[in-house]
Each structure stands twice: as structure tokens, then as C-alpha cells.
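Worksheet for the structure shown next.
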There are 2 protein chains.
Amino acid sequence: MDSRPTPADASPWLPFENRRRARDEKRDAVLRVAVQLFLEQGYHRATLNDVAERLNITKPALYNYFRSKDEILYACWSLGRELVDDAIAAIDAGGGPGLARLRKLVHAYAELMATDFGASLVRFDPRDLTEAHRRIVRAAKKKIDRSFRDYIAAGIADGSVRRCDPKLSAFAIAGSLNWIGHWYQRDGASSPAEIADEFTLRLTEGIAATPDKPARGGPKTKTARKASAPGKQGRKPPRGGTG
Amino acid sequence: MDSRPTPADASPWLPFENRRRARDEKRDAVLRVAVQLFLEQGYHRATLNDVAERLNITKPALYNYFRSKDEILYACWSLGRELVDDAIAAIDAGGGPGLARLRKLVHAYAELMATDFGASLVRFDPRDLTEAHRRIVRAAKKKIDRSFRDYIAAGIADGSVRRCDPKLSAFAIAGSLNWIGHWYQRDGASSPAEIADEFTLRLTEGIAATPDKPARGGPKTKTARKASAPGKQGRKPPRGGTG
DNA sequence: GCGATATATTACCCGCGGGTAAGAAAAAGT
DNA sequence: ACTTTTTCTTACCCGCGGGTAATATATCGC
């Protein structure tokens, strides 16, 4: 019985059936629900009871997988961090002129901001974490910021980017991207891919060395529909469905 | 004794002296301290006891001026809103080409983000407010967004701005500005004026119709040191001192 | 001075929510 | 089938913090 493929987003704790999945899967399920709830209600308003309820379990069961609420928060953030790190690693490995790398990063980051774990990078408050975790967060953010600046600086060096202050330019670009995590919603007018395409263009055309002739034909953004970022992304679908 | 001119940022409730100031001044003092604490610790971590303590009073005394914690939050936000609205009104009154108005708005908004009440516009979570207040917040944000879009659209119409999607461009610009409210700190490397100058340039050069030849000489940002935005800003110093 | 009003204090309530203890129910080992 | 181990539930603790009641102290009009 029960040959249904489990709706992919469903809880592994089916109301009273086969509870036999691996521990890690359950842990992941907790995180998926938690990040969703934390984003939806805000960390402080979302209670562990809420999280448990959505999983068809009770609060204390969560403590089999996590030691505290803030550890769950950190784990969510941590998954998002992995995604960014992978993206950066892939770009670094790829090489190319500074501007090209910057654009890849902008594109990948923009798409990330439209995912739950990606958004958690910018919507969670580090002050809710322990000092130890907070240090890690600070370091990770610094690293991301560094990537933006390095690509810009590299671009200036290799001539693909106009002279500018890499620090403030990075702030401007990253700020714009981070904000996506605050306003993007699945039922919005633009798809993540469209947003990423558009932002990649807009945020880099200002500092690109070559004027770049931005689509004289019209403001249509659906030019680069070809799934954009090739590798890196498909590894761990943050929650494939329509949401 | 005690002829000191009260350090300007100090509490009107001096430990045990002349408590005789006007009600509104005290209310304002509550808000000044509250917004500071809410930003510094986060709304949920900051307790009313904390607020009261910094004012040399006790928690229940606050209830002479506000009915609840979230009302204080709203009042803080509301002050920030006034500042933006004033800025927009001044720009609208001034007229000029779309790009010029957009730049004025960017500049004013950037400087606002470096103030407590300005930052509260983007760092407070509307979900902490009552539904009624939340609606007001939504409307206000929509209005601000509208201004950005309108200036861009006007710029496209009058030829000062290149063709682009006003909606996404506004998102990109506003996002970048909003993010200032998250990273700016008084002891940072750049002053609000410098940041505002730099962002005004960077965020609009991409969509400006005239290439604008951005300072070929070098990445020095102090070019536009001439107090930038003329009127509108000096009216109500958000807290003049060095902070 | 004296009563009325505004403003502050002390002492308290209480609900919410993170976290825990003890034990039931599955799963797994043998 | 039995024990052992893991996982989950029921029932609870308790501290924090928003909010209130009752009362005291200024302040002001007279």
C-alpha cells in the first residue's frame, strides 16, 4: 500500500504510517519546514510548536535532531551558505575576465535570493545566534563581499570594468541583490530567472567598460531563458515544486 | 549647581532634578531611545525595561505616552516616514527632468538610511505591527516605490533616462539604498554624505541617457562635496551631532 | 496651602514559548 | 519472542517580558 511518491514537499512523518526514513532526511525535513516558517512568520513569532505541527510531530521530537531553536536557525542559514560558497567556488574555478565573473556571481546570487535557504542568508538576524555562530556568519559574509570586490578589482585590472571604488560598488550591487530576498515572492510577476537576468544586466552595465548596448529593441527581459547558471545549482533542489 | 547644558542626547528625566519639560519632548525622548535600542538590539530582544532604564524611569511610566510596545515601534517608523515624505514632496515641488529628480531622491534617501529613524523604515518588521498599522506601512512603501518608478518613467519620457523597465530598475536602486540601512554605522569609513554622493552616481549612471563620464581621473569619491542636495534636507536634523 | 490632575513608582499578573523529565511506542538487533 | 536502542509523546517547569492595579509624588490652578 501507499505507493504514492510522497508529494516531494510532504513531511516524512505521515500521520501514522511508515516512519522509517533515514535520520538525515528527517533532519532536512525539519529544516525545510523551519526555514519556511521563519521566513513566513519571522524567527521570533514562529514557535517550535508551529514547526513541529507542520511535520505532524510534537515539539520535543525536534530535540532529537537539534539542541535548540537557534541551532535550527543556524542550520538553515548554513545550508544557504553552502549554496553561495559552491557558486563562488564554481566561478573561481571557471576563470575569465573580472566582469564575466562578476556577472556570473550576480546571476547566481540573484537566483539564490529567490530560494528559501538563500533568502535566509539575508533575512535572518545574526543576533539571534550564539556568539560562536555569529562569528562564522560574519566571516562568511565577509568572504562573499570579498568575492564581489575581487571580481570588480580584477575587472578594473583587466580592463573589463571601469574605474570605480570596488568597495562601494560591491556594496551597491550586493545590496540590491540582498534586497531581492526581502521582496521576492513565488506568486510575483517575475520569475527568478527573469529577475536574475535583468539584475545581471542592470547592476553591471553601470560599471562595465564596454557600453554593452542593452537591448535596444525593447525592455523585454526574457532573452536569456536558457536556465542560466549551468552546473552548481541543480545539486540540491531547495524545494522544487511550485511552493 | 549643575549648570551643564544637558548633553543634547541625554534623557529629560535627570536622575532626580527638574522634571518639568513638555509632554511632547518626553514622548520624543522615548522614541529616540526606543529607535536606538530597537536598531541596536532588535525589536524583540529590546525590552521596555531596557528603554525605560536608559531614560532613568521605569517601564510603566512609558505607558503614559504609548499604549503598547508595537505602538512605540510604529511611532518610530512613522517619524522616518515623515522624513521620506518630506523629501519626496520637496522633489516633486522642484520639478526638473526625470533623471535629476531621481538623483535627488537617491541622494536624500541614501542620507536618510544613515539616520536612526530612516533606517527604521527598512529594518523594522511590519509583521510586528497591528494590521491597521501594517496597512499604512504597505501604502507608504508603495508610495515611495511609486516615486522611484515615476521619476524613472518621466526620465525615459523626457529623454534623460535610457529605456529600461522602471519597475525592476526601481527595485534595483531602492534595494541598494535600503541595504545601506543595514550596514551603515557611524564609526564606519564613509560619511553619510560621501555614501550618498557615491550612490547617487553609481545607481543612476547605468540608466542615464548621457554617458556622464564618471571622473576619469581616479576613483576618489569626494568630488561632489558641495553639500549636494540643497533645500529639503536641513529642515529637521534627525539628530545633528556626531552621534 | 489645598485640592485636582498629570506623572511616576512598586508590586504584581499571566501567557507564551523554549526547554526538560519520564516513560510509551517503534525499530533494530539477536 | 525477548531485550536493547532509538524515536516520539505526555506532562510539566520556569523565566522572560508585556501589560495592569494600586498607590505615591510632582505640578498646577486657585
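Labels below follow one simple rule: chain letters A, B, ... track the order of the sequence lines, proteins then strands, and each chain is numbered from 1.
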For A:Glu53, I'd like to know if atom CD has over 12 heavy atoms of other residues, nucleotides or ligands within 6.0 Å. no
Counting only heavy atoms not in B:Arg146, do more than 12 fall under 6.0 Å of its CZ? no
Distance-only, no hydrogens or angles: does the A:Arg202 side chain make a donor-acceptor pair with backbone N or O of B:Ser169 under 3.5 Å? no
I'd like to know if the side chain of A:Arg27 and the backbone of A:Arg23 have a donor-acceptor N/O pair within less than 3.5 Å. no
What is the distance from [atom1] of [X] to [atom2] of [N], rounded to the nearest Å?
X        : N      : atom1 : atom2 : answer
B:Ile57  : D:dT25 : CD1   : P     : 18 Å
B:Leu129 : D:dG18 : CG    : P     : 15 Å
B:Asn56  : C:dT7  : CG    : C1'   : 16 Å
B:Leu55  : C:dT9  : CG    : P     : 11 Å
A:Tyr63  : C:dG19 : OH    : P     : 4 Å
B:Leu73  : D:dG19 : CG    : C1'   : 17 Å
B:Arg27  : C:dT7  : CZ    : C1'   : 16 Å
B:Ile72  : D:dG19 : CD1   : C1'   : 12 Å

Can you tell me which nucleotide in [options] comes closest to the side chain of [X]?
X       : options               : value
B:Ala61 : C:dT9, D:dG19, C:dG19 : C:dT9
B:Lys69 : D:dG18, D:dT7, C:dG19 : D:dG18
A:Pro60 : D:dG18, D:dC8, D:dA11 : D:dA11
A:Lys26 : D:dG19, D:dC8, C:dT20 : D:dC8
A:Asn64 : D:dG18, D:dC8, C:dT20 : D:dC8

Electrostatic pair A:Arg149:A:Asp145 at N-O distance under 4.0 angstrom: yes
Mutual orientation of the aromatic rings belonging to B:Phe38 and B:Phe124 [parallel < 30°, tilted 30-60°, perpendicular > 60°]: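 It falls in the perpendicular class, over 60°.
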Once you measure the plane-to-plane angle for A:Trp183 and B:Phe171, does it fall in the parallel (<30°), tilted (30-60°) or perpendicular (>60°) bin? parallel
Side chain B:Lys59 and base D:dG18 donor-acceptor under 3.5 Å: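 Donor-acceptor pair under 3.5 Å: yes.
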Distance to the ring centre below 6.0 angstrom and angle to the axis at most 45 degrees; does that hold for B:Lys69 and B:Tyr43?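 Yes, a cation-pi geometry.
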Is there a residue in residues 38-50 of chain B whose heavy atoms reach under 4.0 Å of DNA chain D, and which residues are they?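 Within residues 38-50 of chain B, the residues near DNA chain D are B:Ala46, B:Thr47, B:Leu48.
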Side-chain heavy atoms of B:Tyr74 within contact of B:Leu79, under 4.5 Å: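 Side-chain contact under 4.5 Å: no.
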Any side-chain heavy atom of B:Tyr151 within less than 4.5 Å of one from B:Lys104?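 Not in contact.
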When the axes are fitted on five pairs at both termini, how much does the helix from C:dG1-D:dC30 to C:dT30-D:dA1 curve, in 10° steps?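 Answer rounded to 10°: the end axes differ by 20°.
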Taking only N and O in the side chain of B:Arg23, is any of them less than 4.0 Å away from OP1 or OP2 of C:dT7?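 The answer is yes; a side-chain N or O of B:Arg23 sits under 4.0 Å from OP1 or OP2.
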Any side-chain N or O of B:Thr58 below 4.0 angstrom from OP1/OP2 of C:dT9? yes
